[in-house]
Amino acid sequence: MRQPIAHLDELKGMPSRGVVLPDGRSAFLVRVHGRISAFVNRCPHRQVPLNLPDGDFLESSRELIQCGVHGALFLPESGECVFGPCQGRSLEPLPVSVDAEGNIHLASE
C-alpha cells in the first residue's frame with residue numbers, strides 16, 4: 001500500500017509544508033486557491049532549499065512561491081519563475097493525488 005506524504009488537514013492553517021519523500025528527497029506542498037501542488041525543494045538558481053532561512057515557502061500574500069535566499073517568485077500551478085534571477089526556469093514539479101480520506105500521495109506511486 002502506498003504511503004501518503006501528507007494529509008489535507010496539514011495544509012489548513014499553513015498553506016505550505018515541507019515533506020520528505022519516500023526516496024529521501026526534500027519536497028514541499030502548497031495550497032493556493034484550493035489547488036495542491038508539490039515540488040522538489042530546490043531553487044533552480046542556486047540549488048538551495050527554498051524555505052531558507054525561515055521555513056516558509058510562500059510570499060506574504062500567499063499567492064506565489066518564494067525563494068527565501070534571493071526572493072525569486074514562482075507560480076504555484078507550474079513552478080515557473082516569474083521574478084528574480086532564475087526567470088525562464090522552473091521548479092521541479094511532483095505530480096500528486098488526493099484520495100477520498102484526504103491523504104496526499106505522489107501520483108507516480
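For the single chain, residues carry numbers from 1 onward in sequence order. Note that the coordinates shown come from a computational prediction; the quantities given were computed from them, not determined experimentally.
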Handout entry: With sequence neighbours excluded, residues passing ring pair (Phe, Tyr, Trp, His ring centres under 6.0 Å) with H7
Key = none
Practice task
Please determine which of D56, V40, N41 meets the side chain to side chain contact (heavy atoms under 4.5 Å, CB included) test together with L50.
Solution key: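 Filter result, single survivor: N41.
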Exercise for the section: Side-chain contact test, heavy atoms from C-beta onward, threshold under 4.5 Å: evaluate it for L64 versus L58 and give yes or no. Expected result: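 Contact flag for L64/L58 side chains = no.
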Residues that [X] engages under side chain to side chain donor-acceptor pair (under 3.5 Å), provided they are two or more places apart:
X: D99; answer: N103, H105
X: R46; answer: none
X: S37; answer: none
X: S60; answer: none

Just distance, no hydrogens or angles: give the donor-acceptor pairs under 3.5 Å from side chains in residues 85-95, sequence neighbours left out.
{"from": "Q87", "atom 1": "NE2", "to": "V82", "atom 2": "O", "distance (Å)": "3.0"}
{"from": "R89", "atom 1": "NH1", "to": "P44", "atom 2": "O", "distance (Å)": "2.8"}
{"from": "E92", "atom 1": "OE1", "to": "R42", "atom 2": "NH2", "distance (Å)": "3.0"}

Practice task
Would you give the length of the straight line joining atom SG of C81 to atom CD1 of I65, rounded to the nearest 0.5 angstrom?
Solution key: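 Here the interatomic distance stands at 10.5 Å.
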Handout entry: Separation of L11 CG from L29 CG (nearest 0.5 Å)
Key = 5.5 Å
Problem - Closest approach of P22 to I5 (non-hydrogen atoms, all atoms of both residues) - result: CD-CG2, 4.1 Å
Handout entry: Flag, side chain of Q66 to backbone of G68, donor-acceptor distance under 3.5 Å
Key = no
Problem - Hphob cluster co-occupancy, V30 + M14, side-chain heavy atoms under 4.5 angstrom - result: no
Handout entry: In one Ile/Leu/Val/Met/Phe/Trp/Tyr side-chain cluster, 4.5 Å: I36, L21
Key = yes
Exercise for the section: Provide the full list of salt bridge (charged side-chain N to carboxylate O under 4.0 Å, His left out) pairs with a residue in residues 71-87, sequence neighbours left out, each pair given once. Expected result: none
Problem - Residues in salt bridge (charged side-chain N to carboxylate O under 4.0 Å, His left out) contact with R31, at least two apart in sequence or another chain - result: none
Problem - Where at least one partner belongs to residues 24-47, residue pairs that pass ring-ring contact (aromatic ring centres under 6.0 Å, His included), sequence neighbours excluded - result: F28-F39, F28-F57, H45-H70
